[in-house]
Amino acid sequence: MGAAYRSLGNYAKAIEYSQQSLAIAREIKHRLGEGLALDNLGLTFLKAGNPTEAEKMLVNGIQVWESMRQMLGSNDANKVSIFEGQANTYRTLQQVRVAQNNPIAALEIAERGRARAFVDLLSERLSSGSTNPVINTSPNQDQIRQIAKAQNATLVQYSIIYDAFQIQGKQEGRESALYIWVIQPTGEITFREVDLKPLWQKHKASLADLIIGNQEFLAVRSRSSLGSTQPQPDLPTLHQLLIDPIASLLPKDPNAHVIFIPQGSLFQVPFPALQDANGTYLIQKHTILSAPSIQVLALTRQQKLAQQQSRTGNALVVGNPTMPSVSPSPGEPKRQLSPLPGAEAEARAIAPLLNTQAITGAQGTKAAIVQKMPQASIIHLATHGLLDDVRGLGSAIALAPSGTDDGLLTAEEIFDMKLQASLVVLSACNTGEGRITGDGVIGLSRALISAGVPSVIVSLWAVPDAPTSELMKAFYQNLQKNPNKAQALRQAMLTTMKTHPQPRNWAAFTLIGEAE
């Protein structure tokens, strides 16, 4: 009833009913009901123009949600799903704090409301066997400033804000604003707000439409005229929304690091390929990384430091293993995945740079590779990646089958590994994707970071074989001269761009985590 009255704009009645709901939930000790009632009250007070009361309700609501999550112990999947239902409260509280003209307090909440289950998982794994346990509360503004200084990078955090609008007489939830915070390596924090309403009012599109349309366009692997005649509508639009408002705050030195911390559909944005009004790509001006949250950056830094003492093994390079058979969709007969000769050439070209032998064809069995992974110092897998956007944990890397195993190394299996590699490169299709949740992308990259890897390079779409091989060779050659992975990847993109100017040939890869 409270929600219905709020939709009708009768806030006094909405508050009255929501308060009754809250009282009942508390009386029968129904925590979920209590959290939802507080969330409803917060939103209603905000709409009624009373941000002070709204803040009280939402802060109490977040305390309820966080105590519920603590009771789940270490079950990651349950934490992710419960978090999905709670994201609203964090978003509304960000709106309240921006309305109170306190955007830095809103940043603390934006950070507190993302990748929590991931942070719990990393903290737990870092703490086990360590003398000083990792503190797991979300960072306050001072700690956020310290993380930016420790990374010596400009952090850019995005938050998509939704609201209810009357559309053809019906209430519908739509994207209303994009909040952007830029945290300088000096610790200075700047806030910008972008109005997203014109997107769906004028262009009948959402952010996700822009991004996915863009990805489908980029992933086309047509050989004829290399698609040069097709327009590229979305890269400039995305640049206008995501970069233009903060362009003046980004570093002038192209070697300085910019770490993007996306949210929701923004995880799939190919930041290097965003194009300004002059047609310049973002990668031409900046060295780019990404992370699921600011706190995850602090934790990957700890992983890197924890590992430096223990790293001993050789690099592991796999290219074009004998492909497994998979069914294209449930119930269909299995078909063998197509071989990737370019991936094999790539593996053979980079193995000598890493003082190792490439493992290809029938040698690349899942059993053999899984045995070698825990000792490896760098892991490079050039093969097919399979995307599971329903569960995420079923996302897999294609290796050669043997005995009874099907050759698919899933994110779920990687989760349970203990890896000491400083870098894992998944030179395959769609390896950066998975199920997008409030907790980030549940897929291969998250599994690898959880398994102890501080730097992961993954792809956002089906990458073309030949240019990828060139890009990877250039990446490792650069890495030999300069151990900075982010700068090595940027230079490799700039090199590949000269011979393959289309962004789909060079912009698919993203570095998550540590640069050094």
Side-chain angles (χ1 to χ4, degrees), residues 148-149 151-158 178 180-186 188-192 194 207 210-211 214-215 217-218 232-262 266-291 294 297 432 455 457 459-461 467 470-471 474-475 477-479 481-516:
K149 284 177 188 165
Q151 291 282 339
N152 190 22
T154 302
L155 313 183
V156 180
Q157 177 135 314
Y158 293 99
L178 181 67
I180 314 177
W181 294 268
V182 177
I183 304 104
Q184 305 287 354
T186 55
E188 190 185 339
I189 301 177
T190 316
F191 173 72
R192 295 281 185 269
V194 181
L207 270 177
L210 285 185
I211 296 159
N214 195 23
Q215 284 203 328
F217 165 77
L218 287 166
Q232 292 190 18
D234 299 343
L235 296 172
T237 314
L238 285 168
H239 192 288
Q240 275 168 14
L241 292 169
L242 302 175
I243 305 299
D244 284 0
I246 56 165
S248 63
L249 302 166
L250 298 180
K252 300 285 175 276
D253 174 6
N255 289 316
H257 296 173
V258 179
I259 306 177
F260 289 105
I261 295 147
L266 299 179
F267 273 108
Q268 293 175 297
V269 170
F271 282 99
L274 298 187
Q275 222 173 357
D276 69 12
N278 308 323
T280 307
Y281 292 112
L282 197 61
I283 196 70
Q284 293 173 292
K285 293 192 252 184
H286 301 294
T287 299
I288 297 172
L289 301 91
S290 74
I294 293 174
L297 278 175
S455 310
I457 292 180
S459 63
L460 294 175
W461 56 78
E470 272 178 51
L471 183 127
F475 168 70
Q477 283 164 342
N478 298 336
L479 203 55
K481 295 180 217 132
N482 169 10
N484 184 309
K485 301 173 187 95
Q487 288 173 9
L489 183 60
R490 172 175 183 261
Q491 290 303 332
M493 285 183 178
L494 297 177
T495 306
T496 311
M497 195 190 285
K498 288 178 189 145
T499 45
H500 303 276
Q502 295 297 325
R504 69 154 178 271
N505 292 322
W506 51 262
F509 289 97
T510 178
L511 169 60
I512 303 170
E514 291 295 299
E516 304 281 335

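Here His257 pairs with Asn484 under the side-chain hydrogen bond (donor to acceptor under 3.5 Å, both in side chains) rule; sequence neighbours left out. For Thr280, the side chain to side chain contact (heavy atoms under 4.5 Å, CB included) criterion is met by Asp276, Asn278, Gln284, Lys285, not counting sequence neighbours. In terms of the side-chain hydrogen bond (donor to acceptor under 3.5 Å, both in side chains) criterion, residue partners of Glu514 (sequence neighbours excluded) are, by chain and number, Gln151, Thr300, Arg301. In terms of the side chain to side chain contact (heavy atoms under 4.5 Å, CB included) criterion, residue partners of Gln184 (sequence neighbours excluded) are, by chain and number, Thr154, Val182, Thr186, Glu188, Leu249. Considering only residues two or more places apart in sequence or on other chains, Phe260 meets the ring-ring contact (aromatic ring centres under 6.0 Å, His included) condition with Phe271. Judged as a side-chain hydrogen bond (donor to acceptor under 3.5 Å, both in side chains), and not counting sequence neighbours, Asn478 has no contacts. Taking Ser248 as the reference, nothing meets the side chain to side chain contact (heavy atoms under 4.5 Å, CB included) condition, with sequence neighbours excluded. Not counting sequence neighbours, Asn152 has no partner by the side-chain hydrogen bond (donor to acceptor under 3.5 Å, both in side chains) test.
Applying the side-chain hydrogen bond (donor to acceptor under 3.5 Å, both in side chains) test to residues at least two apart or on different chains, the pairs with a partner in residues 485-496 are Asn482-Gln487.
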Yes or no on side chain to side chain contact (heavy atoms under 4.5 Å, CB included) for Leu242 and Leu178, after CA distance, side-chain angles and deciding distance? CA-CA 9 Å; Leu242 302 175; Leu178 181 67; 3.6 Å; yes

Give the C-alpha distance, both sets of side-chain angles, the deciding distance and a yes or no for side chain to side chain contact (heavy atoms under 4.5 Å, CB included) between Leu489 and Leu471. CA-CA 8 Å; Leu489 183 60; Leu471 183 127; 4.3 Å; yes

Run Leu250 and Val156 through side chain to side chain contact (heavy atoms under 4.5 Å, CB included) and show every step you take. CA-CA 9 Å; Leu250 298 180; Val156 180; 4.0 Å; yes

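Listed here is the closest heavy atom pair of Leu207 and Leu241: CD2-CD1, 3.9 Å.
Screening Val258, Ile259, Leu289 against Leu155 for a side chain to side chain contact (heavy atoms under 4.5 Å, CB included) leaves a single residue, Ile259.
Using a 4.5 Å heavy-atom threshold, the side chains of Ile183 and Ile294 count as touching. The side-chain heavy atoms of Asn505 and Thr499, taken from C-beta on, include no pair separated by under 4.5 Å. Using a 4.5 Å heavy-atom cutoff, the side chains of Met497 and Tyr281 are in contact. Counting heavy atoms from C-beta outward, Ile512 and Phe267 have side chains that stay 4.5 Å or more apart.
A donor-acceptor pair under 3.5 Å is formed between the side chain of Trp506 and the backbone N or O of Pro501.
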